[in-house]
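Taking it in order: structure first as structure tokens, then the write-up.
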Amino acid sequence: MLQNQKKRCFIELGKFLFQFSEINCQKNINVLHNDLFFEDFKALIQLSQSHNGWYTPENVYFAIQSWAKALTEDNLNQWLSAYSFESSQDDKKEKTVAIILAGNIPLVGFHDFLSVLISGHKVLVKTSSNDQKLLPFLAKYLIAVDSELGIYINFSEGKLENFDAVIATGSNNTARYFEFYFKDKPNIIRKSRNSVAVLNGKETREDLVNLGEDIFRYFGLGCRNVSKLFVPKDYDFDAFFKAIFEYKDVIFYEKYANNYDYNKAVFLMSNFKLLDNEFLTLKEDISHASPISSVFFERYENISDIQKRLEVETDQVQCIVSNNLIENSISFGQTQQPKLWDYADNVDTIAFLLEI
């Protein structure tokens with residue numbers, strides 16, 4: 001199956017997904033196979049929270065719209081133009097790549113799924129128990145667009161068998177298991193990472209509101225969510241708390257509220273000093289990984305020290321957010337909208353797939 005055929009399938013999928021947003025789900029008569037899939041997908045979105053309590057319709061719609069915007073012809077062409085796929089079109093080069101997916105946020109493994117197929121390989125998917133519905137549904141839509149794609153897509157409910165390479169995502173503990181179990185296969189093993197923001201006190205209110213998006217989207221469960229702030233030694237958090245007050249309704253979500261109450265109680269019983277606005281706690285801590293409903297912070301005297309620190313700790317950090325204070329940082333509010341060429345852990349998935 002030619003890459004252009006697969007690319008067309010994903011472009012059609014992007015058009016299909018674009019119909020679904022939190023504001024309005026509106027059927028477009030020009031989208032393929034709406035008669036078969038539109039109403040069922042709309043119902044699946046509404047049921048997602050019953051399958052995973054963190055998958056609120058708001059967050060599922062956000063993930064869907066993010067992929068709808070990514071899966072355009074221009075984006076796919078720009079992404080793939082950096083590679084030579086001539087050898088990957090050779091049937092002798094075609095491999096089966098197993099992907100083991102996390103389930104912390106909706107469709108978190110879709111990029112791996114797309115990358116394997118677009119690079120000319122077959123994909124064997126092991127879904128997370130926390131996200132077993134969305135990707136299989138989208139796979140069915142792709143196969144409806146072009147039935148030949150069905151040869152390239154398989155899902156495994158049991159032990160993974162008969163594969164040539166693996167891409168696995170999990171916690172630091174599961175990563176150690178993956179590294180042992182898949183040591184004889186070409187692999188990408190992803191561990192836990194967190195994202196950080198570096199502030200200097202000159203941020204606008206809009207910057208800080210957007211930072212709230214980086215913190216609270218998906219309830220902070222993603223590796224691209226900001227879980228740590230670096231602030232100047234004399235930083236006043238008043239402006240920060242005023243800006244993120246826009247996200248106060250997060251506390252009305254029971255699972256988040258339970259985490260807030262529990263983590264706050266643990267901190268207080270340990271006599272930790274906290275800054276608290278009744279839906280988010282700030283704790284001074286050198287770690288990057290904060291629990292749900294809490295963000296850690298660290299004060300600095302020299303921004304260059306933070307630059308050096310983050311270079312040393314690059315294997316712990318997924319994204320750095322700032323107003324160009326740190327090299328290669330991204331803008332506030334953009335952590336959950338990566339481009340197709342923004343690879344997890346900075347590991348080029350396509351380059352890996354072309355080498356196996």
Side-chain angles (χ1 to χ4, degrees), residues 52 54-55 63 95-116 119 121-132 134-135 154-196 217-228 259 263 285-292 294-296 309-320 335-336 338 341-356:
N52 181 332
W54 293 107
Y55 283 19
K95 303 290 180 64
T96 296
V97 180
I99 59 174
I100 301 175
L101 306 183
N104 50 326
I105 65 176
L107 293 173
V108 67
F110 188 84
H111 193 278
D112 290 335
F113 176 81
L114 165 63
S115 297
V116 172
S119 60
H121 299 297
K122 295 179 179 179
V123 66
L124 176 62
V125 184
K126 181 72 171 179
T127 60
S128 166
S129 60
N130 291 323
D131 190 359
Q132 295 184 322
L134 292 171
L135 185 57
N154 283 288
F155 287 82
S156 173
E157 295 187 7
K159 182 181 178 181
L160 286 172
E161 296 178 323
N162 302 318
F163 59 93
D164 304 296
V166 63
I167 302 173
T169 304
S171 67
N172 289 339
N173 286 333
T174 56
R176 284 191 285 270
Y177 164 78
F178 291 151
E179 287 170 346
F180 174 79
Y181 190 76
F182 300 121
K183 63 181 182 296
D184 297 324
K185 301 280 188 181
N187 64 68
I188 295 175
I189 307 296
R190 301 199 187 100
K191 303 177 183 179
S192 297
R193 289 196 180 213
N194 298 92
S195 296
V196 305
R217 175 60 59 188
Y218 303 125
F219 301 105
L221 289 166
C223 64
R224 299 181 68 90
N225 284 103
V226 168
S227 59
K228 172 72 172 281
N259 276 268
N263 290 317
D285 198 298
I286 62 171
S287 174
H288 295 314
S290 62
I292 296 171
S294 183
V295 169
F296 291 161
R309 162 98 173 268
L310 293 174
E311 289 173 0
V312 171
E313 298 176 347
T314 184
D315 61 339
Q316 300 177 41
V317 177
Q318 191 68 262
C319 303
I320 303 171
T335 61
Q336 297 298 344
W341 45 89
D342 291 332
Y343 293 105
D345 299 5
N346 293 316
V347 176
D348 190 324
T349 314
I350 295 293
F352 164 78
L353 292 165
L354 292 179
E355 290 295 322
I356 61 176

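Just so you know, residue 1 is the first one in the sequence shown, and it goes up from there.
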What's the spacing between [X] [atom1] and [Y] [atom2] if we round to 0.5 Å?
| X | Y | atom1 | atom2 | result |
| --- | --- | --- | --- | --- |
| Phe110 | Ile99 | CZ | CD1 | 10.0 Å |
| Phe163 | Leu124 | CZ | CG | 7.5 Å |
| Glu355 | Ser119 | CD | OG | 11.5 Å |
| Arg217 | Gln336 | CZ | CD | 8.0 Å |
| Ser115 | Phe352 | OG | CZ | 11.0 Å |
| Leu221 | Ser227 | CG | OG | 11.5 Å |

Check: [Y] and [X] side chains under 4.5 Å, non-hydrogen atoms:
| X | Y | value |
| --- | --- | --- |
| Ile356 | His121 | yes |
| Tyr343 | Ile350 | yes |
| Asp315 | Arg193 | yes |
| Thr96 | Asn162 | no |
| Leu101 | Phe113 | no |
| Val116 | Leu353 | yes |
| Asp131 | Tyr55 | yes |
| Ile105 | Arg224 | no |

Taking salt bridge (Lys or Arg N to Asp or Glu O under 4.0 Å) as the test, write out the residues that go with [X], two or more places apart.
| X | value |
| --- | --- |
| Lys191 | Glu179 |
| Arg309 | Glu298, Glu313 |
| Asp285 | Lys283 |

As a quick check of understanding, evaluate side chain to side chain contact (heavy atoms under 4.5 Å, CB included) for Lys122 and Asn154, giving each step before the final call.
CA-CA 8 Å; Lys122 295 179 179 179; Asn154 283 288; 5.8 Å; no

In terms of the angle between their ring planes, are Tyr177 and Tyr181 parallel, tilted or perpendicular, with boundaries placed at 30° and 60°?
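Taking Tyr181 first and then Tyr177, their aromatic rings lie parallel (interplane angle under 30°).
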
Do Gln318 and Asn194 have side-chain atoms, one donor and one acceptor, less than 3.5 Å apart?
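No, because no side-chain N or O of Gln318 sits under 3.5 Å from a partner of the opposite role on Asn194.
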
Nearest heavy-atom pair of Cys223 and Ser195: which atoms, and what distance?
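Looking at all heavy atoms of both residues, the shortest contact is O-OG, 2.8 Å.
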
Main-chain N/O of [Y] paired with [X] side-chain donor or acceptor, under 3.5 Å:
| X | Y | result |
| --- | --- | --- |
| Asn130 | Ala102 | no |
| Asn187 | Val166 | no |
| Lys126 | Gly158 | yes |
| Ser294 | Pro291 | no |
| Asn225 | Gly222 | yes |
| Lys228 | Ser290 | no |

Passes side chain to side chain contact (heavy atoms under 4.5 Å, CB included), Ile292 versus Trp54? Steps please.
CA-CA 12 Å; Ile292 296 171; Trp54 293 107; 4.0 Å; yes

Decide side chain to side chain contact (heavy atoms under 4.5 Å, CB included) for Asp112 and Ile188; before the verdict, give the C-alpha distance in whole Å, the side-chain angles of both, and the deciding distance to 0.1 Å.
CA-CA 10 Å; Asp112 290 335; Ile188 295 175; over 6 Å; no

Step by step, would you call Arg190 with Thr169 a side chain to side chain donor-acceptor pair (under 3.5 Å)?
CA-CA 5 Å; Arg190 301 199 187 100; Thr169 304; 3.2 Å; yes

